[in-house]
Undergrad: 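Before I ask anything, let me first share the structure, which is written out below as C-alpha cells.
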Amino acid sequence: MIEIICGEKGNGKTKAMLQRANDSVETANGVIVYLDKSSQHMYELNNQIRLINITEYPISTYEGFIGFISGLLSGNHDIEYVFIDSLIKVAHLTNDTIKDAVSELEKLNSNVHFVCSISVNENVLDEALKEKIIVSC
C-alpha cells in the first residue's frame, strides 16, 4: 500500500510525515523505517523508528533508489512501514517519473506500507496517484 502526502514546498508535509510516523508506533507490529535526505529530524521521531539518512549511500539514479529499497526490504522481512520524505529528491525523480516510481514501490512488497511526501501540487499529479493522497498541504 502506498499513501502520498503532497503539496508545495514549505506547506507542512514533513510535519505531517513525522506525526504519521510517530503515530504508527502505536499500531505497528513490525519495524518502522523513515528515509530522509538528512538526519535533521532524528530527535522528532520516536526512538523505535529507524531513521536512514539516504545521502549517506551512493544513490544517484532512480534505479539505484529502487535497488536500495529492494535491499532494505530483503534484508529485513519485519519492515512494516517505510516513510519516504521528499521522494522526488531522494529517488532522483522528475514530475514525469513519479508515477513509475510509485508503481515500482507497489511491486516490491505488498505487506509493506509506504508513506511518501512529494513536493508538488496535487493538480500536477497523475489521476492514478491522486487516489493515494492522504494529505494535501
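As a basis for the values below, the full set of heavy atoms in this structure was taken, side chains included, without hydrogen atoms, waters or symmetry mates.
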Undergrad: Strictly distance-based, threshold 3.5 Å: is any side-chain N or O of Ser70 a donor or acceptor partner for the main-chain N or O of Ile66?
TA: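 Here the side-chain-to-backbone pair exists.
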Undergrad: Quick one: CE on Met1 to OH on Tyr81, what's the gap to the nearest 0.5 Å?
TA: 8.5 Å
Undergrad: Enumerate the salt bridge (Lys or Arg N to Asp or Glu O under 4.0 Å) contacts for residues 20-38, please, sequence neighbours excluded, ordered by first and then second residue.
TA: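 Matches after skipping sequence neighbours: Glu3-Arg20.
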Undergrad: Rounded to the nearest 0.5 Å, what's the gap from CG on Leu87 to CG on Leu105? Could you check?
TA: 6.5 Å
Undergrad: Pairs in or reaching into residues 32-59: which pass ring-ring contact (aromatic ring centres under 6.0 Å, His included), with residues at least two apart or in two chains?
TA: Tyr57-Phe68
Undergrad: Would you mind reporting whether Cys6 and Leu125 have side-chain heavy atoms less than 4.5 Å apart?
TA: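 Contact flag for Leu125/Cys6 side chains = yes.
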Undergrad: Working to the nearest 0.5 Å, report the span between CD1 of Ile54 and CD1 of Ile52.
TA: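 The CD1 atom of Ile52 is 7.0 Å from CD1 of Ile54, to the nearest 0.5 Å.
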Undergrad: Please enumerate all residues that pass side chain to side chain donor-acceptor pair (under 3.5 Å) together with Ser38, with sequence neighbours excluded.
TA: none
Undergrad: Counting distance only, does the side-chain N/O of Asn22 pair as donor-acceptor with the main-chain N or O of Asn46 below 3.5 Å?
TA: yes
Undergrad: Is the number of heavy atoms from other residues, nucleotides or ligands within 6.0 Å of NZ (Lys130) greater than 12?
TA: yes
Undergrad: Minimum heavy-atom separation for Val90 and Asp85, please, with both atom names.
TA: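 Closest approach of Val90 to Asp85, heavy atoms only: CG1-O, 3.7 Å.
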Undergrad: Would you say Leu51 and Phe83 are hydrophobically clustered, going by side-chain heavy atoms of ILVMFWY under 4.5 Å?
TA: yes
Undergrad: Over all heavy atoms of both residues, which pair between Ser117 and Ser86 is shortest? Give the atoms and the distance, please.
TA: OG-N, 2.8 Å
Undergrad: Which distance, rounded to the nearest 0.5 Å, do you find between the CD of Glu104 and the OG1 of Thr97?
TA: 11.0 Å
Undergrad: Tell me every residue that passes salt bridge (charged side-chain N to carboxylate O under 4.0 Å, His left out) with Lys9, counting only those two or more places apart in sequence or in another chain.
TA: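 Residues passing salt bridge (charged side-chain N to carboxylate O under 4.0 Å, His left out) with Lys9: none at all.
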Undergrad: List the atom of Thr55, the atom of Asn53, and the distance in Å for their closest heavy-atom pair.
TA: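 Scanning both residues, the minimum pair turns out to be OG1-OD1, 2.6 Å.
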Undergrad: Residues in salt bridge (charged side-chain N to carboxylate O under 4.0 Å, His left out) with Glu122, at least two apart?
TA: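 Counting only residues at least two positions away or on another chain, Glu122 forms no salt bridge (charged side-chain N to carboxylate O under 4.0 Å, His left out).
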Undergrad: Should Ile98 and Ile69 be regarded as members of a common hydrophobic cluster, given that ILVMFWY residues are connected when their side-chain heavy atoms come within less than 4.5 Å of each other, either directly or indirectly?
TA: yes
Undergrad: Would you compute the distance between atom OG of Ser24 and atom CD of Gln48 and round it to the nearest 0.5 angstrom?
TA: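 Here the interatomic distance stands at 9.5 Å.
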Undergrad: Could you check Ile88 against Asn95 for side chain to side chain contact (heavy atoms under 4.5 Å, CB included), going step by step and ending with a plain yes or no?
TA: CA-CA 8 Å; Ile88 293 173; Asn95 286 353; 4.0 Å; yes
Undergrad: Counting distance only, does the side-chain N/O of Lys13 pair as donor-acceptor with the main-chain N or O of Glu8 below 3.5 Å?
TA: yes
Undergrad: Between Val33 and Ile49, what is the shortest heavy-atom contact and its length?
TA: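 Between these two residues, the closest heavy atoms are C-CG2, 4.5 Å.
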Undergrad: Tell me whether Ile84 shares a hydrophobic cluster with Ile118, the cluster being built from Ile, Leu, Val, Met, Phe, Trp, Tyr side chains joined at under 4.5 Å.
TA: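 Yes, one cluster joins them.
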Undergrad: Give the intermediate values and the outcome of side chain to side chain contact (heavy atoms under 4.5 Å, CB included) for residues Val82 and Leu35.
TA: CA-CA 7 Å; Val82 176; Leu35 301 177; 4.2 Å; yes
Undergrad: So if you build clusters from Ile, Leu, Val, Met, Phe, Trp, Tyr with side-chain heavy-atom gaps below 4.5 Å, do Ile134 and Phe114 land together?
TA: no
Undergrad: Compare all side-chain heavy atoms of Leu18 with those of Thr14 and state whether any distance is below 4.5 angstrom.
TA: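 The answer is yes, as the side chains (C-beta and beyond) meet within the 4.5 Å cut-off.
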Undergrad: Looking at NZ of Lys132 and CD1 of Ile4, how far apart are the two atoms once the value is rounded to the nearest 0.5 Å?
TA: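 Result: 7.0 Å between the selected atoms.
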Undergrad: Linking I/L/V/M/F/W/Y whenever their side-chain heavy atoms sit closer than 4.5 Å, directly or via other members, would Val120 and Val115 fall into one cluster?
TA: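 No.
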Undergrad: Do you know the tightest heavy-atom contact between Ser39 and Glu56?
TA: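 It is OG-OE2, 4.3 Å.
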Undergrad: If you define the side chain from C-beta out and look only at heavy atoms, does anything of Phe65 sit under 4.5 Å from Leu93?
TA: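 Not in contact.
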Undergrad: So, for Lys99 and Ala128, which heavy atoms are closest and what is the spacing to 0.1 Å?
TA: CE-CB, 4.3 Å
Undergrad: Restricting to salt bridge (charged side-chain N to carboxylate O under 4.0 Å, His left out), what partner residues turn up for Glu44, sequence neighbours left out?
TA: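 Expected list: none.
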